[in-house]
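Report on one structure; see the data block that follows.
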Amino acid sequence: MTQLDTFIEKLLKAAAEAGIDPAEVYCAERSAFSAEAMEGNIESYEVSETCALGLRGMVGGKTGYASTEAFDDEAIRMLVRGVQESAALVEAEEQDEIYAGDPDYPAMETPENDLDEVTPEEKLQFALAMEKSARAADARITKSNGSYVATGRGTLRLVNSYGLNLKTETPPGGYAVAGIWLIGKDGDSTVTGGNSEAGRKFRALDPAAIGKKAAEETTARLNASPVESGVYRAVIRRDAMKSLLRTFAGIFSAENAQKKMSLLEGREGEAIAAPCVTLMDDPLLPGGFASAAFDGEGSASRTKAVIENGVLKTLLHSRKTARKAGTESTGNAQRSVSSPVTVAPTNFFFRPGEKDLDGLLADMGEGLLITELGGLHAGANPVSGDFSLIAKGFRVKDGKQGAPVEQVTIAGNFYQLLKDIRAVGSDLEFKGSGIGSPSVDAGTIHVAGK
Amino acid sequence: MLDRNIAAEVLARAVKTGGDFAEIFLEDSVRTNIALKSDRIESLGTSRMHGAGIRVFEGTKAIYVFTNDTSREGLLDCAAQAAAAVRSGSGCTPVGFSHWSAARAEEIRILPGDAAAARKAEKLRAANAAARAVSPEIVQVNCNYGDVVQDVLICNTEGVFVTDRRVRTRMRVAAVASDGKENQTGTSSPGASMGFEIFEERIDPEACGKTAAEKAVTMLHADPCPAGVFPVVIDGGFGGVIFHEACGHSLEATSVAYGVSEFSGKLGQQIAASCVTAVDDGTIPGEWGSIHIDDEGMPASRLTLIENGILVNYMIDKLGGRRMNMAPTGSGRRESYQWAPTSRMRNTYIAAGTDDEAEMIATMGTGLYAKSMGGGSVNPATGEFNFSVEEGYWVEDGKILRPVRGASLIGKGGEVLMRIDRVGKTMTMAQGMCGSASGSIPVNVGQPMIRISHMTVGGK
């Protein structure tokens, strides 16, 4: 028995003695490594080992929460007292449920990985190699703005007084991410750009290819200029579309819908998107960065379409939101050690279509290709769906990518965008995140420029 | 929090392989968060963070190792891991500690732990009721209360051994107005480096709820903002986010040290219109972004960044100082022990000027009056910034005509600072959380009302 096992056992015993029944422990252990090179030197090197634990429990039918990063007897007293105080204060109509668990859980395969074999020195050399490749690719790359490597592993445990005892690696097999940011200059034009790749096998990542692609992305942006303000046809590239989906993912949460924070309440069965749109939530995706056998409440994970051929099939539910809506949990309860159970997607992505990005541009003919969106934390309103965001991209003429565009904003509404999508591309990409998207032909958008 | 002999032993272990500086940052903090939604107290969470970060320098290379295990063995293990990453340092001889406490207990009248959770919840109920009373169109109000007591110990091989206690309290109201088809939100989120006495001295929960709800209702009835290039007047308070994004981040050593910032190498040069003086002040008592010492153990300072348009200072942390060969300015900050510190802002504002606020709008012609700003972001290498307008009004012929929504402002920092042509007489500040390389930290932004002759306004 590890020290942590002993702590959990003592804590659940203390909780029961204090009248906290049922009680549940949620515990996250993480180890991480990262390093960054700048201009041929390793400039930062970071290693960490952390463990945090949360106690959730019911007192008199009300739920309380408390969490800690210290693991002594004082921490046990603080957690028990914290849950009691919390349960005494809350008055929410719907209480959390501590769940005895499902009869079966999907078997998760651990993807092949080499994270325990790779030495720190190999990772440092990798960061330096990305830089070297990027600098060699084009003389207009004048500076590296950071070449980084990050790897890590994590374990989640959920143990409760009903005897449920679940453990999973998050993500299965750990993660390795490597990327580089660059500055390019040509005359008066200064631009930044970058590229990153992620996976489970560090040695399968190619530093030269990552650096070269970063240089291409950067130099393509040189001498960009705004377009005239107006309404444009637009294709949104996979990376920019992924950032929009991430920002507006909350509209698919039943919790938000029930609290009037989403306009999708009660609209299951309605067409809310173009027929070419299918939106998946798949916690069982092999190699997915948000893959897990169970969710934050201990429900077994399952794959589902949220939108299928344009029709809203389901919102994302926890046990709490499902009970209120008279339906079943979709296995989308999410929690952290220190915050209450909420609802969130797992591996969440638009199902890819037939055409690649070139095909989408060819079909559009004239317009804009949007490759980057900024200010999403402020310029996008996840409640109204409105967005007005700084954007970068390229002009598109005769179906081909043309001169770069910067210093423009695009404005629209995410609910409307879902309906306006004319085609979904084949180039689905996740890059180290649970959220992914292919490029989409977004119809028309409002652009502010010159 | 940590025995001095153990601290000395850990630092000595950290520099054993040639590191030329080592530091321990030890933290124990307790946070309370209370949330009210749908008219009910939905959750109360208490969380304790506990851990330490050990940092070792080898020239301008920084090694950082952090852990929850703050026992002697845990810290020695961290120090050994950090030391193992040093390749060929010049080494250093640790200096004996001179111990002091930066905490100012007298500043806090009611420690968060001394106020019962029920009293804190009452403040949320008051804000919620005031927000809902504004209009039947208010369909949801989310109110949050948060406080933190962060105890830290910072010691290093240069003899620093200092403890501090940081206390902060904040409330946030987000009101949603809806007509059934569309939703709009309005927010208000005041805070300070204070305990529960904040509700006697600074925050009126009713006013906070009312402000958020009125913004939401106003925006529900607003037309989309026209898009194009226009003159823009930005009000005081959170309007100061424009300076924070357009200039502040680009004056941090984080980007200046590598020559990456558009303002690198421009000390003594004009980078803003001559009506602009800007300050980063960590010393204002009780303010949200104020600090007694920074997270490297250096006392807070007041730093003039721009004086009448001329760049006079950068914000510099210890490592940035080494890279720039300049002295640190007490600007080293971090979210927690889980982040290595870097140069960050504190209370950053454009100082009061001499222009008349009414004249500013009356003579602007056609453009946007941004009464309340949302957040933004910047790319310091190019100066490209963006931020959103939470509450905006369309102005024609110098007259405020109607509310407009969905506006965002973009530009390049160096250009927009030169285009400020009016600076009003009354400076006010507002609170925000700033996210950057060392995590999310509390900062104030501020300014008087200002006018920018022309900038790109995003809308429809």
Side-chain angles (χ1 to χ4, degrees), chain A residues 38-39 41-52 64-71 75 78 82 85-86 89-93 120 143 145 183 190-192 226 229 259-261 263 338-340 374-375 377-379 381 383-384 386 388-390 406-407 409-411 446-450, chain B residues 28 34 37-38 40-51 60-68 81 85 117-118 121 139-140 176 178 182-185 224 227-229 258-260 338 340 374-377 379 381-382 384 386-388 405-408 410-412 456-460:
Chain A
M38 288 267 246
E39 303 289 287
N41 297 311
I42 297 298
E43 289 287 323
S44 79
Y45 181 106
E46 191 170 300
V47 182
S48 65
E49 197 89 42
T50 55
C51 180
Y65 286 88
S67 75
T68 187
E69 294 176 348
F71 298 90
M78 174 248 161
E85 274 177 10
S86 170
L89 189 73
V90 296
E91 52 196 12
E93 209 175 359
K143 248 184 199 324
N145 200 6
I183 297 179
T190 301
V191 297
T192 57
S229 301
K259 289 184 173 141
K260 314 286 179 205
M261 304 291 282
L263 295 169
S338 60
S339 60
H377 65 296
N381 184 331
V383 177
S384 66
D386 287 337
S388 177
L389 302 164
I390 190 167
E406 66 173 21
Q407 286 294 295
T409 68
I410 65 166
H446 292 264
V447 175
K450 291 196 274 204
Chain B
D28 198 306
I34 307 175
K37 257 187 200 178
S38 304
R40 293 163 192 267
I41 298 295
E42 189 174 75
S43 65
L44 158 66
T46 310
S47 53
R48 179 169 168 208
M49 282 196 87
H50 179 87
T60 60
K61 170 176 154 190
I63 300 149
Y64 195 65
V65 182
F66 62 86
T67 180
N68 298 129
Q81 282 192 60
V139 295
Q140 182 56 282
V176 181
S178 178
E182 291 199 23
N183 288 347
Q184 287 292 327
T185 44
V229 177
Y258 286 103
V260 166
Q338 298 199 355
S377 59
N379 177 343
T382 59
E384 293 166 293
N386 67 88
F387 49 97
S388 68
R405 64 183 165 90
S408 57
I410 67 165
K412 293 193 175 181
T456 303
V457 178
K460 281 184 188 170

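Residue numbers start from 1 in every chain, and the chains themselves are labelled A, B, ... in the order their sequence lines are given, proteins ahead of strands. What's counted below: heavy atoms across the whole structure, side chains too, no hydrogens, waters or symmetry copies.
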Spell out, as yes or no, whether a donor-acceptor pair under 3.5 Å connects the side chain of A:Glu69 to the backbone of B:Asn68.
no
Is it the side chain or the backbone of B:Val139 that comes within 4.5 Å of chain A heavy atoms, both, or neither?
both
Given the options B:Ser47, B:Gly459, B:Ala85, B:Gly374, which has more heavy-atom pairs under 4.5 Å with chain A than any of the others?
B:Ser47
Interface residue of largest heavy-atom contact number with chain A, from B:Gly376, B:Ser43, B:Ala407, under 4.5 Å
B:Gly376
B:Asn386 side chain near A:Thr409 side chain, heavy-atom distance below 4.5 Å:
no
So, the part of B:Thr67 with a heavy atom under 4.5 Å from chain A: the answer is both
In terms of heavy-atom proximity below 4.5 Å to chain B, should A:Ile42 be classed as side chain, backbone, both, or neither?
both
With a 4.5 angstrom heavy-atom cut-off, which part of A:Leu389 approaches chain B: side chain, backbone, both or neither?
backbone
Write down the atom of B:Gly411, the atom of A:Gln407, and the distance for their closest heavy-atom approach.
CA-OE1, 3.2 Å
Return the option, out of A:Gly82, A:Gly64, A:Ser44, A:Ala52, with the maximum number of heavy-atom pairs under 4.5 Å with chain B.
A:Ser44
Using heavy-atom distances under 4.5 Å, tell me whether B:Ala381 contacts chain A through its side chain, its backbone, both, or neither.
both
Where does A:Pro120 contact chain B at under 4.5 Å (heavy atoms): side chain, backbone, both or neither?
neither
Shorter than 4.5 Å, heavy atoms on both sides: which option in A:Glu91, A:Met78, A:His446, A:His377 has the most such pairs with chain B?
A:Glu91
Working for side-chain contact (heavy atoms from CB on, under 4.5 Å), residues A:Lys259 and B:Ser38
CA-CA 7 Å; A:Lys259 289 184 173 141; B:Ser38 304; 4.1 Å; yes
If you define the side chain from C-beta out and look only at heavy atoms, does anything of A:Met261 sit under 4.5 Å from B:Lys37?
no
Pick whichever of A:Ser384, A:Ser339, A:Pro340, A:Ala66 has the most heavy-atom pairs under 4.5 Å with chain B.
A:Ser384
If we define contacts as heavy-atom pairs under 4.5 Å, which of B:Arg405, B:His50, B:Arg48 has the most with chain A?
B:Arg48
A:Ser388 and side-chain contact (heavy atoms from CB on, under 4.5 Å): which single residue from B:Ser408, B:Pro224, B:Ser388 fits?
B:Ser408
At a 4.5 Å cut-off on heavy atoms, which part of A:Lys143 comes close to chain B: side chain, backbone, both, or neither?
side chain
CG on A:Leu263 to CG on B:Asn183, rounded to 0.5 Å
4.5 Å
Report the residues that fulfil ring pair (Phe, Tyr, Trp, His ring centres under 6.0 Å) with A:Tyr45, sequence neighbours left out, ordered by chain and then residue number.
A:Phe33
With respect to chain B, which residue among A:Gly449, A:Ser229, A:Ala448, A:Ser338 yields the maximal number of heavy-atom pairs within a distance under 4.5 Å?
A:Ala448
Less than 4.5 Å apart, side chain to side chain, heavy atoms only: is that true for A:Asn41 and B:Thr60?
no
Taking atom types as modelled and ignoring hydrogens, do the side chains of A:Asn381 and B:Thr185 form a donor-acceptor contact shorter than 3.5 angstrom?
yes
With chain B, which of A:Glu46, A:Glu43, A:Glu406, A:Lys450 has the greatest number of heavy-atom pairs at distances under 4.5 Å?
A:Glu43
Against chain A, label B:Phe387 side chain, backbone, both or neither, depending on which of its atoms sit under 4.5 Å from a heavy atom there.
neither
Taking A:Ile390 as the fixed residue, which of B:Asn379, B:Ile410, B:Thr456 is the one that meets the side-chain contact (heavy atoms from CB on, under 4.5 Å) rule?
B:Ile410
Determine the option with the most heavy-atom pairs under 4.5 angstrom with chain B, choosing from A:Lys260, A:Met38, A:Glu85.
A:Met38
Where do A:Ser86 and B:Leu44 come nearest, in terms of heavy atoms and distance?
OG-O, 2.6 Å
Without swapping roles, check the side chain of A:Thr190 against the backbone of B:Thr382 for a donor-acceptor pair under 3.5 Å.
no
